[in-house]
2 protein chains.
Amino acid sequence: MKSKFSGFGRCLVLLAMMAGAIISARLPAADTPAEKTVQQWDIFEAQISGPADGNPFTEVQVSCNFSDGSRIFTVNGFYDGGGIYRIRFMPDHPGGWSYTTASNIPALAGKTGSFQATPATGKNHGPVHVSNTYHFAYGDGTAYNQIGTTSYIWVHAPDDWEDQTLKTLAESPFNKIRMLVFPHNDNFRKTIAPTLFPFEGTPPRNWDLTRPNPAFFQHLEKRIGQLRDLNIEADLILFHPYGNNYGFNNMGAAADDLYLRYITARLGAYRNVWWSLANEWDFIRAKTEADFVHYGEVVSSNDPYGHMLSIHNGALIFNNTLPWITHSSIQNGDAVVESSRAELYRDVFRKPVVYDEVKYEGTGAARWAQLTPEEMVHRFWEGTIGGTYVGHSEYIVKDGDYWLAYGGKMYGQSAPRLAFLKKVLDDGPVRGTDQIDKWQDSPISGVPGQYYLVYFGLNKPTSWAFQLYKNGLRDGLHFKVEILDTWNMTITPVDGDFVTAKKDNYYFVAEQGRAITLPGKPYIALRIRRVDDAPAVPLTAPNGE
Amino acid sequence: MKSKFSGFGRCLVLLAMMAGAIISARLPAADTPAEKTVQQWDIFEAQISGPADGNPFTEVQVSCNFSDGSRIFTVNGFYDGGGIYRIRFMPDHPGGWSYTTASNIPALAGKTGSFQATPATGKNHGPVHVSNTYHFAYGDGTAYNQIGTTSYIWVHAPDDWEDQTLKTLAESPFNKIRMLVFPHNDNFRKTIAPTLFPFEGTPPRNWDLTRPNPAFFQHLEKRIGQLRDLNIEADLILFHPYGNNYGFNNMGAAADDLYLRYITARLGAYRNVWWSLANEWDFIRAKTEADFVHYGEVVSSNDPYGHMLSIHNGALIFNNTLPWITHSSIQNGDAVVESSRAELYRDVFRKPVVYDEVKYEGTGAARWAQLTPEEMVHRFWEGTIGGTYVGHSEYIVKDGDYWLAYGGKMYGQSAPRLAFLKKVLDDGPVRGTDQIDKWQDSPISGVPGQYYLVYFGLNKPTSWAFQLYKNGLRDGLHFKVEILDTWNMTITPVDGDFVTAKKDNYYFVAEQGRAITLPGKPYIALRIRRVDDAPAVPLTAPNGE
């Protein structure tokens, strides 16, 4: 997390840092101090009355400095209509927090207050961040094993259908959903057009692009809050190339920036928000690569929490080495067909790789819409063995729609198998798994000397001679082996221990060359876990040698 | 190419630009005007006498501005011992060139002269540069189809053995050789240590790191010139992690910079020089990633010609998106096992990808030294289909040495097959070939609508139903097909024309669903060339869709 000192609030921040509590005590309290306690990583909100005339979206700036006594976070407030301005803040640790507002409008400036953050409880694990270079963890250190899905326009459906989507998600393994903020011109069941739009005005293109529509964002944030309560990350796609009937992908620079500042001010305090600058950025013809660099800078500079921030490609992969990109969000219909391929982007980006689009389970005519459920699940496993994360969706049409577009119900067969995978990952190492012997075509991921997943994919072996790359091993270590049928979702323990014995300069095998009998079916994996309590063996060989 | 205006010569350059020929006419001529004509892309050299006392390497700066009347190139001169300073320049086009020296020593400053560059003839095609994003061409536009090899320390062998290496290269397909500048502590045939070292002093570590050794560089540049005359690019590895008995990979920042300025001044005018900042940069423990960024900036700022400049990795791939990196030089023992994998780095770097190290043909105990010749050739073909370039070497020990180390002779079986591949590429499109339908697991490279290479790799098909991705195609186009046996080096034409017919939304087949009978062996390719003279069909589908 980075604290932010930007814009017109900067001077006040510095003044407050110098003068401390004295200044706070002299300033008037905010109109509505809201609750005096809020859970860590939940949302503290201050509401302040202010001008409703003119254009509050463009003429009024309000920000707020939140401090725990040692750090200061500056967040922007936003106008919510009816003369109401709101300031939202997500405290990142328990304890006392105080705040002071700044504004170009005297009535909104110098408001102060304080609140207590209480420890997180229950399902509140905090926001997701990058962990161990290639992986993710929640704020409390719990591993976040991404099992994503995509439903682009589920928040643009009739209300009861959106409720159905949430019901489906609640029963699914998915802990992230990619979703468009802006509507698409594909109507629900081809007949029901969206009713809420991000700007004031009327469809198709009669918008006042200087006035975001509070009702649209109130609806959006209600759904994001419901996702949060299901522990599902909302990967919000800020721009997209589809259905430009409404014109939102060519609004002009001023409206783009206003929109980005508004949505980051409004939603930044939701711990489950991820920012995806675009879907298929290079297919948005009205925008250049430099535009997206600018958007990334706007979003990251207006997000003091450092939410996950990425950009999803069409045919041209963005420069994911840029510092404000937290992880790479890749579309590649071919990269997770095998684990060695999946691993390649990790090395060049040195960031987590999420294969957000690897084609979809379904029965469509397009090549991207006809994966078998077996292939969908297989790609998740290959991505996992490559040390990366994969995204799902379905293109199975019922009543004119499908999960990828409007959510609702899933009809595919992959989701339960992805729940099985998620259980395996959640039971695995908190630090995530990496290829044990990258660039050597090894289908083994894990933590050297401790934990291994071996995945045989489409192969149908009837036996596997226990053999592991040397890193972290020495003679005489004990391992237990289980056979995982990733499609049929069974786990079969293998009797006895496998005891390591050095084979040559690269590998260890099991004593007596012990092998494991396998069922001769595809989609079989092994889980190999160290069971002795001998000290860890130092790693010596550079991965890739 | 970029012109360079840096260092102490800048003011003089600007003055010269303002005053033009008048200044030249008033200044004295250089001691040795050398020949008055030189071929385009050959080396013009001016020799000037100057101080031999003190330390000419650190105390004397001399540079020279070369102008064709519209552009100015600034090159550094260098001290060659015995009171002799040399200035070398590679003119990039025919015509008249004039020059003026600058120096902190009056005797070396203000020397002027002129020469005529004549058009390139014979095998002189000029320096290699990036062409069409992912490919290479010579200065005259001829395609440069990289077929690389590596012999790290061939210039540190006895003279007759170095001559043998050149003889072997002359009969080989290789048009690039990777080679270390600094010696390695592995002696020739385990007994004969190097006799020339890059700095004055005595081995193992008694060096004056402020005094490069002219004799060492005279020898090096003689060999580079011989490579040039064989049309072989010299990919000079400036730092390496091996055999630090001599201490050259931990010389300190001042000596590193002195060395880089000296070698770029000395060798920059050789058209066949490529700069490789390092082999396995991340295995050089004394240096950081930031050090190599600095080296890259030093080299590129001292190279007005924009020679090819790369950095080769161990286990950690460098950030090849940096602007001074012309192409990525990748070690990955697994990336060219199949073409879809090979293609992945192209997309993220948007530069040519050269897989300089993909393991070696040989019989060594190490995993990187035991490729079969078939696998070596196969990897070249997979890399080619991926739109990338591959490097060869051999580890077959005779008399205690092997090609990868000291050059000499080759004993492997891959080289003739790589000559066959090179002939195919040289007969192919000048613009290079790219995957026709990337991310769709297609083993087809080419130029849409014009030229296709289909490679079946390890598969042994007995038939291939003609089918090509839609881009650049329409009904009724005529193609000829040849069957290439890449191992046995045969080309077998298939009778008649294949006439395109639309199959579905993605593919075209041949009329009557015509198929090609194949020999059921591995390593078979097809070459498919358009033979009608109908106009080109515009491309419509983004690659990767």
Side-chain angles (χ1 to χ4, degrees), chain A residues 133 241 280 282-283 285 289 313-323 328 330-350 353 355 357-359 364-368 370 386 435 437-442 469-470 504-507 541-545, chain B residues 133 241 280 282-283 285 289 313-323 328 330-350 353 355 357-359 364-368 370 386 435 437-442 469-470 504-507 541-545:
Chain A
T133 307
E280 299 188 324
D282 48 315
F283 292 169
R285 293 189 190 165
E289 190 160 7
N313 64 285
L316 189 59
I317 291 178
F318 206 79
N319 181 1
N320 279 274
T321 66
L322 294 177
S328 50
I330 300 290
Q331 171 175 197
N332 182 325
D334 214 26
V336 289
V337 164
E338 45 105 6
S339 56
S340 290
R341 215 182 286 175
E343 195 273 341
L344 292 183
Y345 289 134
R346 279 182 31 137
D347 287 321
V348 298
F349 296 136
R350 304 190 204 161
V353 173
Y355 288 104
E357 194 170 345
V358 298
K359 303 185 179 177
R367 298 194 296 192
W368 51 263
Q370 49 188 229
Q435 287 219 312
D437 188 18
K438 75 172 183 180
W439 302 350
Q440 302 294 336
D441 209 19
S442 170
Y469 184 61
K470 63 185 174 185
D504 57 26
N505 194 34
Y506 292 107
Y507 301 107
N543 203 341
E545 197 187 33
Chain B
T133 306
E280 300 190 322
D282 48 315
F283 293 169
R285 294 189 191 165
E289 190 161 6
N313 64 286
L316 189 59
I317 291 177
F318 206 79
N319 181 2
N320 279 275
T321 66
L322 293 177
S328 49
I330 300 289
Q331 172 175 196
N332 181 325
D334 214 28
V336 288
V337 165
E338 45 105 7
S339 57
S340 290
R341 216 182 285 175
E343 194 274 340
L344 292 183
Y345 290 133
R346 279 180 32 134
D347 288 320
V348 299
F349 296 136
R350 303 190 202 160
V353 173
Y355 287 105
E357 194 171 344
V358 299
K359 303 184 178 178
R367 298 194 296 192
W368 51 263
Q370 50 189 228
Q435 287 219 312
D437 188 18
K438 76 172 183 179
W439 303 350
Q440 303 293 336
D441 210 18
S442 170
Y469 185 62
K470 64 185 175 185
D504 57 25
N505 194 34
Y506 292 106
Y507 301 106
N543 203 340
E545 196 188 34

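As a basis for the values below, the full set of heavy atoms in this structure was taken, side chains included, without hydrogen atoms, waters or symmetry mates. Residue numbering restarts at 1 for every chain, and letters A, B, ... go by the order of the sequence lines.
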Considering only heavy atoms, which portion of [X] lies under 4.5 Å from any heavy atom of chain A: side chain, backbone, both, or neither?
X: B/Asn505; value: neither
X: B/Glu338; value: side chain
X: B/Asn320; value: neither
X: B/Phe318; value: backbone
X: B/Ala366; value: both

Practice problem: Sort out for me which of A/Ala335, A/Ser340, A/Ser328, A/Ala365 touches chain B most, counting heavy-atom pairs under 4.5 Å. | Solution: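 Most heavy-atom pairs under 4.5 Å with chain B: A/Ser340.
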Practice problem: Name the member of A/Glu280, A/Glu343, A/Lys359 that forms the most heavy-atom pairs with chain B at distances under 4.5 Å. | Solution: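 Result: the option with the highest number of such pairs is A/Lys359.
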Quiz item: B/Val348, B/Asn313, B/Val337: which one forms the most heavy-atom pairs within less than 4.5 Å of chain A?
Solution: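 Of the options given, most contacts go to B/Val348.
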Quiz item: Between A/Asn332 and B/Leu344, is any pair of side-chain heavy atoms under 4.5 Å apart?
Solution: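 Heavy-atom side-chain distance check passes, below 4.5 Å.
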Quiz item: Between CZ of A/Phe349 and OG1 of B/Thr321, what distance do you get to the nearest 0.5 Å?
Solution: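 A/Phe349 atom CZ to B/Thr321 atom OG1 measures 9.0 Å (nearest 0.5 Å).
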Exercise. Start with the C-alpha gap between B/Arg367 and A/Asp504, add the side-chain angles, then the distance that decides, and say whether salt bridge (charged side-chain N to carboxylate O under 4.0 Å, His left out) holds.
Key: CA-CA 11 Å; B/Arg367 298 194 296 192; A/Asp504 57 26; over 6 Å; no
Self-check item: Side-chain ion pair, A/Arg341 and B/Asp334, N-O less than 4.0 Å
Solution: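 So A/Arg341 does not pair with B/Asp334 through a salt bridge.
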Self-check item: Residues which pass side chain to side chain contact (heavy atoms under 4.5 Å, CB included) with B/Leu316, listed by chain and number, not counting sequence neighbours
Solution: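 For B/Leu316, the residues satisfying side chain to side chain contact (heavy atoms under 4.5 Å, CB included) (neighbours in sequence not counted) are A/Arg350, B/Trp281, B/Asp282.
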